[in-house]
Each structure stands twice: as structure tokens, then as C-alpha cells.
Amino acid sequence: MKVTKLADALGAEISGVDLSKKLNPEEVGQLIAAWHEHLVLRFRGNHLTDKQLLALTQNFGTIDPPGPNTQGKPYLEDYPEINVISNIKVGEVAIGGLGDGEASWHTDMTYIEKPPKGSFLHALEIPNIGGNTSWGNMYLAYEDLSADIKKAIAGKKAIHDSTYNSAGIMRKGMREVTDVREAPGAHHPLVVLHPSTGKPALFLGRRRNSSILRLDLKESDELLDELWAHAANPKYCFTQVWQLHDLMLWDNIATIHRRDSFDANARRLMHRTQIKGDVLQPLS
Ligand code: OGA
Ligand code: MN
């Protein structure tokens, strides 16, 4: 197995391992160590079936089913544990979520008490151009914060709204949030200790309808805007330009990610699995 770094901030390509086969404990151990160290792993040229993707995911923990989508039922009847990310429609019906627009910076499913510790995304159809995905390293973003900001966010929690998905589309059964203080969704520390590495990471979730508890709203908005501007700095990021059958695995606690828009007439299809996570503990 070979590990090649993809960017200074985070990301590594793993080669020399056939993911369609059952992995031995030593291989699994190496992959988990690389995932914790590099936060985003890219595997190229593995043509995994859905069954193989599920089997692979299970090496990293328990599979976490997707959150509620805009249609209120799983996209794949035979594999409800798999989420479909796609702009493709059959007739009027979308076969997956997130469409063709930008998906703004976020971490997956932080509106639940135990957000997934990781996600896999497998590219089955990609546009010729656009639809690139970027990840940011939130260990580095936390480390670089000024002492004042570290102090301002120490011991604070934020609301992680569950109303909208990363494409800004309302989930089934939700209603518009008029007061962000009342937004439905889990409350998590702004600085979490990563359950596996024990290192502190900035944990923002997504900006929309977010607010910091025990701060007045104006102060909360200003601080969140500042934190987001800092976290999204390209120096913390790696951008993935997809090739067909690329498979990405990311650490969903220590990273944020976003996706560029792409041509609405192009087809993009990804299958995603997630690994169940833990309740997140604060730094202090
Ligand atoms: C996701 C996501 C990015 C992409 O699946 O969680 O944000 O590239 N997708 O489609
Ligand atoms: Mn996502």
C-alpha cells in the first residue's frame, strides 16, 4: 500500500490496494491510520459495486444511514444505507440529492447528536468540467486562531440547524426557520476533541441558521462570520478534480467540505456511505 500526499493541508492518495476484495486486518489498520493522519483519502480506479462499497465502509465502523432527504424516502430501494448525490432526473423525479448547484461549506449531518465520523463518496458519472469538491483541515484552522478568538469560543456551543441540506434545499417535513435561536438540530461544542485522535478541531457544521449559544445574536453572527472566513482559507484546503470511479473517504469531524456547481445539462452521479460517529466532547 502506498500513501502519497495530495496537498500541504490535507489529503492523500492511496494506491496498491484492491478495495473490491475483503481487506485483511493489517490493511484496515493502515487505512484507518492514514485516514486519521491525512483526513481525506483518495482511491483511484476501483470499480466498486454498491455491495462492495458497503462492505468496505464496514471496515471503518458501523454504517450510518443517510439523513432525511427532500423526498422523504431512500433514493435506492435495495440499498437504503446508501445516499445518492446526483442532479440526474428520471422524468420529473430526481434520483439523488444536491442537484447541480454549489454546495456551500459544511460538515455532513451535524444536526444529529452523533454526526458521522466519516463519509465515502464514489464517482459513478462525472461532468467534463465543474463539480469539484474541496475539503478544509479544521485541526489547522483551530490551531491558527488567535488567542483571543480561542478564548471567545472556549466552552461555547452552536446550534446545527437541520432544516436545509448543503444545497440549500429544505428537508422533507421541515418548515422555515424565522428565529435562528429556535432552529431545530443538535448543539455541539465549537471546538471538539476528535474522538479518535484526541486533537482539538474547529467544528462549525454549516453557516446557515447557525448561532452560538449564550451570546447575543449580533455577537454570534459576527464571530461565526469571522470563523467561517478563517476556516475557508485556501491554505487549509485540498480540491478534488474528479475522475470516474474516484472514491473519497473523509474525516467528517476534522474537516469541512464544499462542492462547485456544474452544467445543469451534464450528468453527475455519486454513491455515498457514512460511518456512525459519537457524541462530541468539548476541548475544555
Ligand atoms: C456530500 C457532499 C459533495 C459532492 O455528499 O456530502 O457534500 O462532491 N457532496 O457532491
Ligand atoms: Mn456533504
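Note that ligands are numbered from 1 as they come in the structure, with each ligand's atoms numbered from 1 the same way.
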What atoms in ligand 1 come closer than 4.0 Å to a heavy atom of [X]?
X	answer
Asp108	6 (O)
Leu121	3 (C), 4 (C), 5 (O), 8 (O), 9 (N)
Ile85	5 (O), 10 (O)

- Do ligand 1 and Trp242 have nitrogen or oxygen atoms that lie under 3.5 Å from each other?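 No, Trp242 has no N/O under 3.5 Å of an N/O on ligand 1.
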
- Consider every N or O of His257 and every N or O of ligand 1, then say whether any pair is closer than 3.5 Å.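 In this structure, His257 places an N or O atom under 3.5 Å from an N or O of ligand 1.
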
[X] bridged to [Y] by N-O distance under 4.0 Å:
X	Y	answer
Asp278	Lys276	no
Glu13	Arg42	yes
Asp8	Lys235	no
Lys151	Asp148	no
Arg267	Asp100	no

- Query: Under a heavy-atom criterion of less than 4.0 Å, does His106 contact ligand 1?
  - Reply: yes

- Could a heavy atom of Met270 be found less than 4.0 Å from some atom of ligand 1?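 Judged by the 4.0 Å heavy-atom criterion, Met270 does not count as contacting ligand 1.
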
- Query: Between Leu54 and Ile63, is any pair of side-chain heavy atoms under 4.5 Å apart?
  - Reply: yes

Can you tell me the protein heavy atom closest to [atom] and the distance?
atom	result
atom 8 (O) of ligand 1	Thr133 OG1, 2.5 Å
atom 10 (O) of ligand 1	Arg268 NH1, 2.8 Å
atom 6 (O) of ligand 1	Arg272 NH1, 2.4 Å

- Item | Among the N, O or S atoms of His106, the one nearest the Mn ion (ligand 2) |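 It is NE2, the N, O or S atom of His106 closest to the Mn ion (ligand 2).
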
- Task: Kindly give the atom name of the N, O or S atom of Asp108 closest to the Mn ion (ligand 2).
- Result: OD1

- Message: For the residue pair Lys150 and Tyr142, would you count it as a cation-pi contact if the rule is NZ or CZ under 6.0 angstrom from the ring centre and within 45 degrees of the ring axis?
- Response: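 Geometry flag: set, cation within 6.0 Å and 45°.
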
- Task: Give the contacting part of Leu98 toward ligand 1: side chain, backbone, both or neither, where contact means a heavy-atom distance below 4.0 Å.
- Result: side chain

- Is it possible for you to say whether Leu41 and Val28 belong to one hydrophobic cluster, with membership spreading through side-chain heavy-atom contacts below 4.5 Å?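 In one cluster with Leu41: Val28, yes.
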
- Quick one: do Ile32 and Asn59 satisfy side-chain contact (heavy atoms from CB on, under 4.5 Å)? Show the steps, please. CA-CA 9 Å; Ile32 289 177; Asn59 290 306; over 6 Å; no

